[in-house]
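Counting starts at 1 for both ligands and their atoms, following the listed order.
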Amino acid sequence: MTVAKFGGSSLADANGFARVKEIIKENDIPIVIASAPGGKEKITDMLIAAYNEWERTGSCDGRYGLIGERFLSIAAAFGIDIERSLAAIKAAINSGRGYDYAVSRGEFLSARILAEILGYNFVDARECVKLTLSGEIDFASIIAHSGAIKVPCVIPGFYGKMPNGEIKLLPRGGSDISGAAIAAAIKGDYMKWTDVDGIFDGHGGVIDHLGYDEAELLCYFGATVMQYEAIPLIKRADVPLTVKNTFSHSRGTVVGKMRCDGFAFSSRRFFEGGEEAYAHVDEIAGEGLKIPFRVSLLKERKVLIDDCGFSPLALKRILRYGGLKQVTVTAAIGNVPPSFMPGDLLFSGENGKIFVDDRDL
Ligand code: ASP
């Protein structure tokens, strides 16, 4: 059974929802995972701003109004009435339902609307995406609750339910993880629909076929096409992943067990043998994507960097990710200036500071 996840760029507006409906019908997709509308301004960022406004002033009404407008314009194009849901969510945020609840409502509303457009069941992530108290995927519990996935259905990505009943967010981009967990639990195949033709090599070509480990490595080092934490879930269950473009008819990239002894080929170049495939991935990570390093966050969390070069802009983006105040670089690949020494302060701005880790750089 196919589990297909549609990212925020595919669901940015009413045209996006219409296009996604066509794809789902054409491919007869029974289980759909929906992100919050993305595009120029991501609904998730707008919800974070609305929550912050509530924290500052006791009311999210100003910022929330913009979110409501966006959803209303999507729903209205399909004759769907969501005023009551919008009002209920606003009231809940204003009554202090908390950050994770507030920020998860983008996916919630997106999935509700898409389910109605398709005539599918809406299955809340609370019913089937089970998390541990620390917010990790609880795979055994997801399998145990897979009966809640009544097909055909749309499930919101990006959040799940902890054993204490509370909603918990996954990391940013986490709808990929929701989809991977569900695909792995039901042993379905996994499709990710996004706004690029697949996973790119370092020469501008799309890679046709890639092993799980190479895909994880690439995504870890910054290929933002997929949240890297999704890959081990599908690898463990040996569920194949196809990355496809919502806006073109490209073949896409298939991630799965390496065929033969392992090879990766792209539309531009061909690589044979496991070692060469790895070399290729290194080359992509080092040159093509120009991912300079990975960082570990103070609270042991990891973050991906998808910016080119070691620029102040890249560093600012790292700090903005999750509202962090301090980040430590723990490992480097690619084009890192040799002058950086452990303990060096790399960047200091109004948002925070970045140091070179003195443990293992
Ligand atoms: N909407 C969330 C984000 O912007 C999660 C996702 O799209 O996967 O990060």
Side-chain angles (χ1 to χ4, degrees), residues 3-13 16-17 20 31-52 63-64 66-67 70-71 74 89 93 98-114 124-126 128-129 131 135-137 154-161 167-184 190-196 219-220 222-231 233-234 241 243-247 297 301-307 317-324:
V3 177
K5 182 253 168 174
F6 290 87
S9 56
S10 305
L11 295 167
D13 53 22
F17 275 72
V20 164
I31 302 177
V32 178
I33 312 293
S35 276
K40 253 207 327 261
E41 209 175 354
K42 289 184 170 195
I43 287 285
T44 303
D45 294 328
M46 295 167 79
L47 283 163
I48 292 170
Y51 178 84
N52 290 339
R63 296 273 182 167
Y64 191 81
L66 302 173
I67 296 164
R70 198 74 188 268
F71 276 115
I74 295 169
I89 291 169
I93 298 173
Y99 180 86
D100 288 49
Y101 168 84
V103 178
S104 68
R105 295 304 88 184
E107 270 68 14
F108 176 84
L109 285 168
S110 186
R112 284 283 295 272
I113 295 171
L114 188 57
D124 195 352
R126 299 168 60 117
C128 54
V129 180
L131 306 176
E136 307 288 322
I137 289 287
V154 184
I155 305 170
F158 190 37
Y159 70 94
K161 190 169 103 174
I167 282 179
K168 177 91 181 153
L169 292 174
L170 291 164
R172 288 302 299 262
S175 303
D176 286 349
I177 302 172
S178 314
I182 288 168
Y190 189 26
M191 276 182 153
K192 163 156 181 165
W193 291 84
T194 182
D195 57 356
V196 291
C219 294
Y220 186 83
T224 51
V225 68
M226 190 80 189
Q227 226 289 357
Y228 76 95
E229 290 173 56
I231 310 265
L233 289 166
I234 53 169
L241 159 72
V243 180
K244 299 270 285 177
N245 193 342
T246 305
F247 307 98
L297 308 186
R301 282 170 39 213
K302 299 265 166 60
V303 67
L304 307 177
I305 303 175
D306 65 347
D307 218 312
R317 286 184 54 185
I318 298 162
L319 286 170
R320 235 191 284 131
Y321 194 104
L324 294 151

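- For Asp100, the side chain to side chain donor-acceptor pair (under 3.5 Å) test picks out no residue, with sequence neighbours left out.
- Geometrically, Arg112 does not engage Phe71 in a cation-pi contact, judged by NZ or CZ lying under 6.0 Å from the ring centre and within 45° of the ring axis.
- Judged purely by atom type and a 3.5 angstrom limit, Thr194 has no side-chain atom pairing as donor or acceptor with the backbone of Gly7.
- Under the 3.5 Å distance criterion, the side-chain polar atoms of Ser10 are left unmatched by any main-chain donor or acceptor of Thr246.
- Protein residues with a heavy atom closer than 4.0 Å to ligand 1 are Ser35, Lys42, Thr44, Glu107, Phe158, Arg172, Gly173, Gly174, Ser175, listed by chain and number.
- With Val103 as the fixed residue, the side chain to side chain contact (heavy atoms under 4.5 Å, CB included) test singles out one of Ile167, Ile93, Thr44: Thr44.
- For the pair Arg105 (side chain) and Tyr101 (backbone), a donor-acceptor distance under 3.5 Å is present.
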